[in-house]
S.K.: 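Before anything else, here's the structure in question.
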There are 2 protein chains.
Amino acid sequence: MNIGEVSERSGLPPKTIRYYEDINLVRPLRSDNGYRSFRESDIHKLAFLGRARALGFSIEDCRTLMGLYEDETRESAQVKAVAKEHLAEIDNKITQLKSMRETLSHLVEACQGDHRPDCPILKDLSRGV
Amino acid sequence: MNIGEVSERSGLPPKTIRYYEDINLVRPLRSDNGYRSFRESDIHKLAFLGRARALGFSIEDCRTLMGLYEDETRESAQVKAVAKEHLAEIDNKITQLKSMRETLSHLVEACQGDHRPDCPILKDLSRGV
DNA sequence: ATAAGGATTCCAGCCACTGGAAGCTCAAGG
DNA sequence: CCTTGAGCTTCCAGTGGCTGGAATCCTTAT
């Protein structure tokens, strides 16, 4: 199967698929004409990667998860550890974003947003140096 | 004032301050020895930038906000517009992260995390191709 | 024969820094 | 005066995860 069809079936852009080959996340075969030739198992892998990425896992996490997936002797504790750590990072990000949101929304509400130059947002950003 | 002291007073690493000069966010003077020579106004600017960045504004947004800050004839509506757009982006990110969090926390809870290989997390990631 | 569509490679760029190397200046101590 | 160390300079490269674009090749249809 050529990259175009694989792209449609996996939902990943061809560029991304080539990139994943570059960094050895997939290893498609090659046809005589030099085209990549994907097996069903490659598509399976790519879809796996797509979903892991959609959950925000880093490429390195994805590599680890793929490895565990293919390792019949894995312990689910290993998978859970990776996922828990990632979950904690997500929570951190959410916390940080919420704090930004808090501050920013207050400022936005306080700003008249009219033709006059006075602006609590700028005032806050330039407060005490 | 040299970059080290400016770094302490503004809270930004020297590398970042140099970078901000590179991209013309600040324009410190130069001493005879070639060292950057910062005025109070430069520190003020850098602190402004640091706070804007801490609220998650992009560098380009920061440039715009600095421009508005220095423009006496600005209209607060312009500032508010920038801030509101950024707020919307933050909200989008939070929404996306929360959705990841939802999915991931369910999966983590469902996973036994023991010595056995069976794992709902991997099962989910590899679901229907 | 040619044109269109898809494949290939490779290089560059995104964002906002950050690390590191090589070399300069300056202040303090022996 | 010499050395040592801290602090400053520039420049190049790397981060993550792609994405865009150019130049070229392969395949298929007209």
Side-chain angles (χ1 to χ4, degrees), chain A residues 1-38 42-43 45-46 48-66 85-86 89-90 92-93 96-97 100, chain B residues 1-38 42-43 45-46 48-66 85-86 89-90 92-93 96-97 100:
Chain A
M1 203 174 334
N2 285 350
I3 203 167
E5 197 181 339
V6 173
S7 170
E8 275 183 33
R9 286 187 51 195
S10 68
L12 298 173
K15 282 271 187 185
T16 300
I17 298 173
R18 292 195 191 99
Y19 173 67
Y20 286 175
E21 186 191 17
D22 261 16
I23 62 175
N24 287 318
L25 281 179
V26 270
R27 299 174 211 267
L29 305 172
R30 292 286 174 149
S31 306
D32 291 342
N33 58 13
Y35 287 14
R36 286 168 185 81
S37 175
F38 296 84
D42 292 319
I43 299 185
K45 272 195 188 188
L46 287 167
F48 181 104
L49 292 168
R51 276 188 294 262
R53 291 287 300 132
L55 287 180
F57 284 105
S58 72
I59 289 285
E60 282 320 301
D61 276 353
C62 288
R63 197 188 298 280
T64 303
L65 292 171
M66 274 290 302
E85 194 152 341
H86 179 47
E89 271 173 36
I90 288 179
N92 286 344
K93 277 191 198 162
Q96 209 186 342
L97 284 172
M100 286 180 187
Chain B
M1 205 175 331
N2 285 350
I3 201 167
E5 197 182 338
V6 173
S7 169
E8 275 182 32
R9 287 188 51 194
S10 68
L12 298 173
K15 281 272 187 185
T16 300
I17 298 173
R18 293 195 191 99
Y19 173 66
Y20 286 176
E21 185 190 16
D22 262 16
I23 61 174
N24 287 318
L25 280 179
V26 270
R27 299 173 211 268
L29 303 172
R30 291 287 173 148
S31 306
D32 290 343
N33 58 13
Y35 287 15
R36 286 170 185 79
S37 175
F38 296 84
D42 292 319
I43 300 185
K45 271 194 188 189
L46 288 167
F48 182 103
L49 292 169
R51 276 187 293 263
R53 291 287 300 133
L55 287 181
F57 284 104
S58 72
I59 288 285
E60 281 319 302
D61 277 353
C62 289
R63 197 188 298 280
T64 304
L65 291 172
M66 274 290 303
E85 193 153 340
H86 178 48
E89 271 174 35
I90 289 179
N92 284 344
K93 276 190 196 163
Q96 208 185 342
L97 284 171
M100 287 179 185

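On a predicted model such as this, the values are computed, not experimentally measured, just so you know. Numbers restart at 1 for each chain; the letters A, B, ... are given by sequence-line order, proteins then strands.
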S.K.: Any N/O pairs under 3.5 Å between the protein and nucleotides 7-11 of chain C? List them or say none.
M.R.:
{"unit_1": "C:dA7", "atom_1": "OP1", "unit_2": "A:G4", "atom_2": "N", "d": "2.8"}
{"unit_1": "C:dT8", "atom_1": "OP1", "unit_2": "A:R36", "atom_2": "N", "d": "2.7"}
{"unit_1": "C:dT8", "atom_1": "OP1", "unit_2": "A:R36", "atom_2": "NH1", "d": "2.8"}
{"unit_1": "C:dT8", "atom_1": "OP2", "unit_2": "A:R18", "atom_2": "NE", "d": "3.1"}
{"unit_1": "C:dT8", "atom_1": "OP2", "unit_2": "A:R18", "atom_2": "NH2", "d": "3.1"}
{"unit_1": "C:dT8", "atom_1": "OP2", "unit_2": "A:R36", "atom_2": "NH1", "d": "3.2"}
{"unit_1": "C:dT8", "atom_1": "O5'", "unit_2": "A:R36", "atom_2": "NH1", "d": "3.3"}
{"unit_1": "C:dT9", "atom_1": "OP1", "unit_2": "A:R30", "atom_2": "NH1", "d": "3.3"}
{"unit_1": "C:dT9", "atom_1": "OP1", "unit_2": "A:R30", "atom_2": "NH2", "d": "3.4"}
{"unit_1": "C:dT9", "atom_1": "OP2", "unit_2": "A:R36", "atom_2": "NH1", "d": "3.2"}
{"unit_1": "C:dT9", "atom_1": "OP2", "unit_2": "A:R36", "atom_2": "NH2", "d": "2.7"}

S.K.: Within this structure, what is the OH-to-P distance between A:Y19 and D:dG16, rounded to whole angstrom?
M.R.: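 About 8 Å, once rounded to whole Å.
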
S.K.: Just the rounded figure in Å: distance from P of C:dC15 to CD1 of B:I23.
M.R.: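 Spelled out: CD1 on B:I23 to P on C:dC15 is 10 Å.
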
S.K.: Nearest whole angstrom, please: distance from the P of D:dT27 to the CE of A:M1.
M.R.: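 Answer to the nearest Å: 18 Å.
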
S.K.: Measure from the side-chain N and O atoms of B:R63 to the backbone N and O of B:I23, and report whether any donor-acceptor pair falls under 3.5 Å.
M.R.: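 Side chain of B:R63 to backbone of B:I23: a pair is present.
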
S.K.: Using atom types as modelled and distance alone, determine if a side-chain donor or acceptor of A:N2 lies under 3.5 Å from a backbone N or O of A:G4.
M.R.: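 Side chain of A:N2 to backbone of A:G4: no pair is present.
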
S.K.: CG of A:L49 versus C1' of D:dG16: gap in Å, rounded?
M.R.: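 Result: 15 Å.
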
S.K.: Expressed in angstrom and rounded to an integer, what is the separation of B:L25 atom CG from C:dA16 atom C1'?
M.R.: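 Checked: the CG to C1' distance equals 11 Å.
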
S.K.: Between P on D:dC18 and CG on A:D22, what's the gap in Å once rounded to a whole number?
M.R.: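 It is 12 Å, rounded to the nearest whole Å.
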
S.K.: Tell me: CZ of B:R63 to P of C:dA16, nearest whole Å?
M.R.: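 Rounded to whole Å, this separation is 10 Å.
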
S.K.: Does the side-chain contact (heavy atoms from CB on, under 4.5 Å) test come out yes or no for B:K93 and B:E89, once each step is laid out?
M.R.: CA-CA 6 Å; B:K93 276 190 196 163; B:E89 271 174 35; 5.6 Å; no

S.K.: Does a side-chain heavy-atom distance below 4.5 Å link A:Y20 with A:I59?
M.R.: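 Result yes, sub-4.5 Å side-chain heavy-atom pair found.
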
S.K.: Regarding B:F57, tell me which of base, sugar-phosphate or nothing describes its non-hydrogen contacts under 4.0 Å with the strands shown.
M.R.: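 Here B:F57 touches no strand at all.
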
S.K.: Taking B:R30's backbone N and O only, do any of them form a donor-acceptor pair with B:S37's side chain (distance below 3.5 Å, no angle check)?
M.R.: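 Pair absent, no side-chain N/O of B:S37 close to backbone of B:R30.
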
S.K.: Under 4.0 Å between a side-chain N/O of A:T16 and OP1 or OP2 of D:dG17, yes or no?
M.R.: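 A:T16 to D:dG17 OP1/OP2: no side-chain N or O under 4.0 Å.
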
S.K.: Between C:dA16, D:dG17, C:dC17, which one does the side chain of A:R53 approach most closely?
M.R.: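 From the listed options, D:dG17 comes nearest.
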
S.K.: Run the numbers on A:Y35 and A:I3 for side-chain contact (heavy atoms from CB on, under 4.5 Å), then give the verdict.
M.R.: CA-CA 8 Å; A:Y35 287 14; A:I3 203 167; over 6 Å; no

S.K.: Bend across the helix from C:dA1-D:dT30 to C:dG30-D:dC1, to 10°, with axes taken over 5 pairs at each end?
M.R.: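 Roughly 30° between the end axes, to the nearest 10°.
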
S.K.: Give the minimum heavy-atom separation between B:V6 and B:L46, together with the two atoms involved.
M.R.: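 Taking B:V6 first and B:L46 second, the nearest heavy atoms are CG1-CD1, 3.5 Å.
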
S.K.: Whole angstrom is fine here: how far is it from NE2 in A:H86 over to P in D:dG16?
M.R.: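 Between P of D:dG16 and NE2 of A:H86: 15 Å.
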
S.K.: Between B:E21 and B:R18, is there a salt bridge with N-O shorter than 4.0 Å?
M.R.: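 Salt bridge absent between B:R18 and B:E21.
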
S.K.: Indicate whether OP1 or OP2 belonging to C:dC17 is found under 4.0 Å from a side-chain N or O atom of B:Y20.
M.R.: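 For C:dC17, OP1 or OP2 has a side-chain N or O of B:Y20 closer than 4.0 Å.
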
S.K.: Determine yes or no for a side-chain-to-main-chain donor-acceptor pair under 3.5 angstrom, with A:H86 supplying the side chain and A:L55 the backbone.
M.R.: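 Side chain of A:H86 to backbone of A:L55: a pair is present.
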
